[in-house]
Amino acid sequence: MRDDDGSGTARGTLAGKVCVITGAAHGIGEATAELFAREGARLVLTDRDAGALAEVVARLAGEGFGTVAVTGDVSDPGDARAMIAAAVDQYGRLDVLVANAGIIPLLDITEADADDWDEVMAIDGRGMFLTCKYAIEAMEPNGGGAIVCLSSISGLAGQRGQSTYGPAKFVATGLTMHLAVEWASRGIRVNAVAPGTVRTDRVRRLPQEPGGPEYLAAIERMHPMGRIGEPAEVAAAIRFLACDEASFITGAVLPVDGGYLAQ
Ligand SMILES: NC(=O)c1ccc[n+]([C@@H]2O[C@H](COP(=O)([O-])OP(=O)(O)OC[C@H]3O[C@@H](n4cnc5c(N)ncnc54)[C@H](O)[C@@H]3O)[C@@H](O)[C@H]2O)c1
């Protein structure tokens with residue numbers, strides 16, 4: 001692998017760390033997989049989109065980074081358990097979980113129905129709970145580890161049109177803080193990042209949609225920096241919280257938002 005300098009010593013801030021990333025086929029998860037690979041991590045990449053996941057795995061392989069891929073749905077206990085088990089089976093341990101998989105439905109409460117609520121709570125809420133649960137069970141015997149959850153500005157403050165997604169992201173914030181306290185004395189750090197709007201596939205399509213350019217411009221103006229974020233900028237914050245540089249940080253929810261929450 002490219003993270004090996006030929007002396008047998010892996011280099012990088014995540015050198016040798018066994019990391020599971022959920023939702024690694026697109027967006028922030030994909031950018032995190034690329035950064036973690038360059039930082040020397042041993043990776044298990046998971047997603048429910050098998051085709052896109054295979055493309056990410058193939059691209060990383062082409063750059064000299066071997067990874068393990070697991071297709072599954074984080075809201076399914078069997079699938080979530082299999083994602084974590086793959087790390088232990090392949091590498092003998094788990095050091096880091098990035099609980100990233102999620103959906104982002106934008107609905108006000110008159111548009112949303114009970115099924116919308118259940119779907120986002122199942123994936124963004126229950127899926128994060130399940131992957132954290134199985135990760136902690138795998139980390140504890142090895143004396144510790146680090147979890148980084150994907151919260152959002154929507155998990156720390158109210159937004160319009162986010163009657164189901166916003167509360168699900170408050171679950172991410174709450175899970176982070178409660179698990180951090182529950183596991184601090186046993187060497188497991190649990191933190192979150194809270195991104196503002198990030199240029200993922202959905203946002204990239206906006207300029208081609210009716211009203212999209214105006215909508216995007218309005219979102220950009222809401223961020224004090226006058227722009228939205230890039231997936232790599234969120235990945236950089238996730239890397240920091242995941243690696244040993246953040247050894248005294250737990251229970252933190254780090255905004256990566258161009259100043260949005262400081263207003
Ligand atoms: N994009 C943003 O502006 C933004 C802002 C704040 C927080 N976030 C959070 O970041 C995380 C990643 O979002 P993104 O913008 O990169 O989205 P994305 O849609 O680009 O990527 C999400 C990935 O998760 C996968 N996924 C969805 N449901 C799944 C499930 N049930 N099981 C397994 N995989 C599943 C998708 O297939 C996809 O590959 C989410 O938790 C989201 O809430 C995103």
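The first residue in the sequence is number 1, and the count goes up from there. Order of listing sets the numbers, starting from 1, for every ligand and every atom in it.
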Item to check | Test item: Asn142 side-chain N/O and Gly144 main-chain N/O as donor-acceptor pair under 3.5 Å | outcome: no
Checklist entry - So, are Glu137 and Lys133 salt-bridged, with charged N and O less than 4.0 Å apart? => result yes
Checklist entry - Thinking salt bridges, do Arg48 and Asp79 make one under a 4.0 Å N-O criterion? => result no
Which pairs of N or O atoms, one from ligand 1 and one from the protein, are separated by less than 3.5 Å, and what is the distance for each pair?
residue: ligand 1; atom: 3 (O); partner: Val198; partner atom: N; Å: 2.8
residue: ligand 1; atom: 16 (O); partner: Ile28; partner atom: N; Å: 2.8
residue: ligand 1; atom: 28 (N); partner: Arg48; partner atom: NE; Å: 3.2
residue: ligand 1; atom: 31 (N); partner: Asp73; partner atom: OD1; Å: 2.8
residue: ligand 1; atom: 32 (N); partner: Val74; partner atom: N; Å: 3.0
residue: ligand 1; atom: 34 (N); partner: Arg48; partner atom: N; Å: 3.3
residue: ligand 1; atom: 37 (O); partner: Asp47; partner atom: OD1; Å: 2.6
residue: ligand 1; atom: 39 (O); partner: His26; partner atom: N; Å: 3.4
residue: ligand 1; atom: 39 (O); partner: Asp47; partner atom: OD1; Å: 3.3
residue: ligand 1; atom: 39 (O); partner: Asp47; partner atom: OD2; Å: 2.5
residue: ligand 1; atom: 41 (O); partner: Asn100; partner atom: O; Å: 2.8
residue: ligand 1; atom: 41 (O); partner: Lys169; partner atom: NZ; Å: 2.9
residue: ligand 1; atom: 43 (O); partner: Tyr165; partner atom: OH; Å: 2.7
residue: ligand 1; atom: 43 (O); partner: Lys169; partner atom: NZ; Å: 2.9

Checklist outcome for this item: Residues pairing under salt bridge (charged side-chain N to carboxylate O under 4.0 Å, His left out) where one sits in residues 192-214, two or more places apart or in two chains, turn out to be Arg199-Glu230, Asp201-Arg204, Arg202-Glu209
Item to check | 4.5 Å side-chain heavy-atom contact, Thr32 and Asn100 | outcome: no
Next on the checklist: Is the shortest side-chain heavy-atom distance between Val44 and Gln90 below 4.5 Å?
Outcome noted: no
